[in-house]
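Only one structure is covered here, and it is reproduced in the block below.
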Amino acid sequence: MIPFPNVEFKTIVVDPPWTPKLNAGFKRDKSKAYPDNYYPTLTLDEIIKIKPPIASQAHLYIWCISQHVNWAYSLAEAWNAEPIILWTWKKPGLGVGRFRCNTEHILVTRVGNRMGNPFGSGGRHSQATNGTCFEWGRGRHSEKPQELYDLVSTLSPGPKLDMYARKEREGWYVWGNEVQKD
């Protein structure tokens, strides 16, 4: 396992490599967009065990898919984070599957007391007042929109960690097997 930096993070964006249960008993079609066709996936229990160093007051943003929103809540509970709100990312297009799913979700949570641990600072968080559904563009498979990181940067303090990162981000620590970093 890649070691974490020796830092207690006040903000963490977690994009776990969930192992979806939907159609788990079927042979995986390599032409489909199943996550295990792109990267190694982990069970909920395995993800819970890979706990980063979290400050006593912190904000966690946990990505989840529609069929397993409950896993984000389980992860938050295991890491002693209180759920605050669920955001929805509406992707362009119709999506895939029988129900044409084109959304993912971010469970916004807080660790520690809310006193001295607020979201936002000095009115810079105007994006967040536009509601809880965000229409951001798509990138490559499983890539999350830069707009989310911009929003989080206005709402939450550093040091910040992008957990299960796919690329480096200015002003962020990154942790993940797809990041090429010293």
Side-chain angles (χ1 to χ4, degrees), residues 1-22 24 28 30 32-55 57-81 83-84 86-89 91 96 101 103-111 134 136-182:
M1 186 171 89
I2 304 165
F4 286 104
N6 190 20
V7 174
E8 285 193 340
F9 295 102
K10 290 186 176 183
T11 298
I12 303 171
V13 171
V14 186
D15 182 16
W18 308 110
T19 301
K21 286 187 178 178
L22 186 67
R28 296 288 195 179
K30 292 294 182 188
K32 303 259 180 173
Y34 295 115
D36 50 352
N37 288 344
Y38 294 87
Y39 47 79
T41 61
L42 299 170
T43 66
L44 174 60
D45 289 338
E46 291 169 325
I47 292 165
I48 286 171
K49 290 177 186 172
I50 306 173
K51 184 179 177 183
I54 303 171
Q57 290 191 315
H59 300 156
L60 275 63
Y61 298 82
I62 305 168
W63 281 95
C64 57
I65 56 177
S66 297
Q67 71 192 58
H68 296 305
V69 171
N70 60 314
W71 288 355
Y73 284 90
S74 295
L75 181 61
E77 181 179 354
W79 288 0
N80 299 314
I84 303 299
L86 188 67
W87 288 345
T88 298
W89 170 31
K91 302 175 192 180
V96 297
C101 182
T103 61
E104 289 187 40
H105 308 280
I106 305 109
L107 181 62
V108 180
T109 72
R110 180 184 0 242
V111 173
F134 302 91
W136 296 319
R138 283 181 197 257
R140 64 188 172 103
H141 177 83
S142 200
E143 182 179 2
K144 303 309 183 233
Q146 178 61 42
E147 292 90 343
L148 177 272
Y149 294 92
D150 295 342
L151 177 56
V152 168
S153 290
T154 67
L155 293 173
S156 299
K160 297 178 180 82
L161 172 66
D162 185 10
M163 189 170 172
Y164 301 104
R166 288 171 177 80
K167 64 181 183 180
E168 291 190 52
R169 295 190 182 283
E170 187 175 335
W172 290 71
Y173 288 87
V174 291
W175 184 90
N177 65 3
E178 292 185 29
V179 177
Q180 300 299 316
K181 189 172 175 73
D182 294 335

Could you tell me which residues satisfy side-chain contact (heavy atoms from CB on, under 4.5 Å) with Glu8, sequence neighbours excluded, listed by chain and number?
-> Ala55
Counting only N and O atoms by type, is there a donor-acceptor contact under 3.5 Å from the side chain of [X] to the main-chain atoms of [Y]?
| X | Y | result |
| --- | --- | --- |
| Ser156 | Ser153 | no |
| Trp136 | Trp89 | no |
| Thr109 | Leu60 | yes |
| Thr11 | Pro157 | yes |
| Glu46 | Thr43 | yes |

Can you name the ring-ring contact (aromatic ring centres under 6.0 Å, His included) partners of Trp79, sequence neighbours left out?
-> none
Tell me, please, which residues at least two apart from Tyr149 pass ring-ring contact (aromatic ring centres under 6.0 Å, His included).
->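 Counting only residues at least two positions away or on another chain, Tyr149 forms a ring-ring contact (aromatic ring centres under 6.0 Å, His included) with Trp172.
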Go through the side-chain N and O atoms of Gln57 and Arg110 and say whether any donor and acceptor fall under 3.5 Å apart.
-> no
Taking the six-membered ring of Trp63 (Phe, Tyr or Trp), confirm whether the NZ or CZ of Lys144 is under 6.0 Å from its centre and within 45° of its axis.
->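 Yes; both conditions hold, so Lys144 lies above the ring face of Trp63.
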For [X] against [Y], the heavy-atom pair lying closest together:
| X | Y | result |
| --- | --- | --- |
| Ala76 | Leu107 | CB-CD2, 4.2 Å |
| Pro53 | Ile12 | O-CD1, 4.4 Å |
| Ile47 | Trp18 | CD1-CE3, 3.5 Å |
| Ile65 | His105 | C-CD2, 4.3 Å |

